[in-house]
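My questions all concern the structure below.
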Amino acid sequence: MITKIKKAFKNSFLFKQIDKTENKHFQKRLKNTEFTILCPNCIGGLIYHRLGERFNSPTIDLTINSADFCNFLENIDYYLSQPVIESTPLPNGTPVGIINGKESVPDISIFFTHYNTFKQGVSKWEQR
């Protein structure tokens with residue numbers, strides 16, 4: 001019952017107006033633009049969306065596990081200069097990519113959570 005009420009409210013005109021007003025408030029307070037959000041999950045995309053900013057980060061709309069994300073941040077220049085190689089998708093169909101490491105830098109896995117294909121995910125990764 002509570003789930004139905006929440007769903008109905010989220011689809012209501014009132015919720016949309018509150019959300020719109022809240023987003024405008026955050027956008028007015030924003031002083032820095034064209035910034036990059038590095039995060040291991042979808043939250044960066046939600047923040048960019050709320051602020052009305054362009055998605056400037058390759059880590060938007062995907063998932064990187066915590067250990068791999070820490071390695072990514074510690075060696076960001078290395079990983080961003082390497083190609084993303086296609087790997088076996090997850091059982092639910094989520095495309096997966098791997099960036100190969102080197103001697104002291106481990107491989108990292110990237111789960112393109114919000115993309116239908118590996119090609120779409122890697123294209124956005126390279127674009128951003």
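Predicted model only: the values in this text are computed from it and were never measured.
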>> Applying the side chain to side chain contact (heavy atoms under 4.5 Å, CB included) criterion to N75, which one of I99, L80, V105 satisfies it?
In response: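 Considering I99, L80, V105, a side chain to side chain contact (heavy atoms under 4.5 Å, CB included) with N75 is found only for V105.
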>> Do I85 and N100 have side chains that approach each other closer than 4.5 Å (heavy atoms only, starting at C-beta)?
In response: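 Side chain of I85 against side chain of N100, heavy atoms only: contact under 4.5 Å found.
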> Between I60 and H114, is any pair of side-chain heavy atoms under 4.5 Å apart?
Replying inline: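 Side-chain contact under 4.5 Å: no.
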> With side chains defined as the heavy atoms from C-beta onward, is the minimum distance between I108 and N65 less than 4.5 Å?
Replying inline: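 SC-SC contact between I108 and N65 ruled out.
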> Could you walk me through whether W125 and L62 pass the side-chain contact (heavy atoms from CB on, under 4.5 Å) check?
Replying inline: CA-CA 9 Å; W125 174 273; L62 51 84; 3.8 Å; yes
> Do Y78 and F72 have ring centroids that are under 6.0 Å from one another?
Replying inline: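 No, ring centres 6.0 Å or more apart.
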> Which heavy atom in G44 sits nearest to a heavy atom in C39, and how many Å separate them?
Replying inline: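 Nearest pair, atom of G44 first, then C39: N-SG, 3.3 Å.
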> According to the interplanar angle, ranging from 0 to 90°, do the rings of F112 and F118 count as parallel (below 30°), tilted (30 to 60°) or perpendicular (above 60°)?
Replying inline: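 Aromatic pair F112/F118 classed perpendicular.
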> Any salt bridge between E86 and K119, counting N to O under 4.0 Å?
Replying inline: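 K119 and E86: not salt-bridged.
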> Do D107 side-chain atoms and G101 backbone N/O form a donor-acceptor pair below 3.5 Å?
Replying inline: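 At least one qualifying donor-acceptor pair exists.
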> So which heavy atom on S87 is nearest to which on I98, and how close?
Replying inline: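 Closest approach of S87 to I98, heavy atoms only: OG-CD1, 3.7 Å.
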> Would a distance-only check, ignoring hydrogens and angles, find a side-chain to backbone donor-acceptor pair under 3.5 Å from Q120 to N116?
Replying inline: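 Yes: the side chain of Q120 pairs with the backbone of N116.
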> With hydrophobic residues grouped by side-chain heavy-atom distances under 4.5 Å, do F111 and L38 end up in a single group?
Replying inline: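 In one cluster: no.
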> In terms of hydrophobic clustering (I, L, V, M, F, W, Y; side-chain heavy atoms under 4.5 Å; direct or indirect links), are I76 and I37 co-clustered?
Replying inline: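 No: no chain of side-chain contacts under 4.5 Å links I76 to I37.
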>> Please find the pair of heavy atoms, one from P95 and one from Y115, that lie closest to each other, and give the distance.
In response: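 Distance-wise, the nearest heavy atoms are CD-O, 3.4 Å.
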> For E34, does the CD atom have more than 12 heavy-atom neighbours from other residues, nucleotides or ligands under 6.0 Å away?
Replying inline: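 No, because the 6.0 Å sphere around CD of E34 holds 12 heavy atoms or fewer from other groups.
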> When clusters are formed by joining ILVMFWY residues with side-chain heavy atoms under 4.5 Å apart, either directly or through shared neighbours, do V122 and F69 land in the same one?
Replying inline: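 Per the 4.5 Å side-chain linkage, V122 and F69 are co-clustered.
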> Between T36 and S57, what is the shortest heavy-atom contact and its length?
Replying inline: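 Smallest interatomic distance, heavy atoms only, reads CG2-CB, 3.8 Å.
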> Which heavy atom in S12 sits nearest to a heavy atom in F15, and how many Å separate them?
Replying inline: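 Minimum heavy-atom contact is OG-N, 3.1 Å.
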> From R128 CZ over to N56 CG, what is the distance, rounded to the nearest 0.5 angstrom?
Replying inline: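 Between atom CZ of R128 and atom CG of N56 there are 9.0 Å.
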> Which value, rounded to the nearest 0.5 Å, describes the distance between C42 atom SG and I47 atom CD1?
Replying inline: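 Rounded to the nearest 0.5 Å, the SG-CD1 separation comes to 11.5 Å.
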> For the side chain of N11 and the backbone of K7, is there at least one donor-acceptor N/O pair under 3.5 Å apart?
Replying inline: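 Yes; judged by distance alone, with no hydrogens or angles, the pair exists.
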>> Looking at T94 and L90, would you say the former's side chain and the latter's main chain have a donor-acceptor pair under 3.5 Å?
In response: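 Pair absent, no side-chain N/O of T94 close to backbone of L90.
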> Rounded to the nearest 0.5 Å, how far apart are CG of L51 and CG of N23?
Replying inline: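 Those atoms lie 8.0 Å apart.
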> How long is the gap from CD on Q17 to NZ on K20, to the nearest 0.5 Å?
Replying inline: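 One gets 5.5 Å once the value is rounded to the nearest 0.5 Å.
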> Once you round to the nearest 0.5 Å, how far does CZ of R54 lie from OH of Y48?
Replying inline: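 So the gap between those two atoms works out to 9.0 Å.
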>> Can you tell me if N32 has over 12 outside heavy atoms packed within less than 6.0 Å of its CG?
In response: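 Counting other residues, nucleotides and ligands, CG of N32 stays at 12 neighbours or fewer.
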>> Just so I know, are the side chains of E22 and R50 near enough to count as touching, which here means a heavy-atom distance under 4.5 Å?
In response: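 In short, these two side chains touch, coming nearer than 4.5 Å.
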>> side-chain hydrogen bond (donor to acceptor under 3.5 Å, both in side chains) for T63 and T113? Distances and angles first, verdict last.
In response: CA-CA 6 Å; T63 303; T113 312; 2.8 Å; yes
> Nearest 0.5 Å, what's the OH-NZ distance between Y79 and K102?
Replying inline: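 Taking OH in Y79 and NZ in K102, the distance rounds to 9.5 Å.
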> Got D61 and K124 here, is their nearest side-chain heavy-atom distance under 4.5 Å?
Replying inline: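 Heavy-atom side-chain distance check fails, nothing below 4.5 Å.
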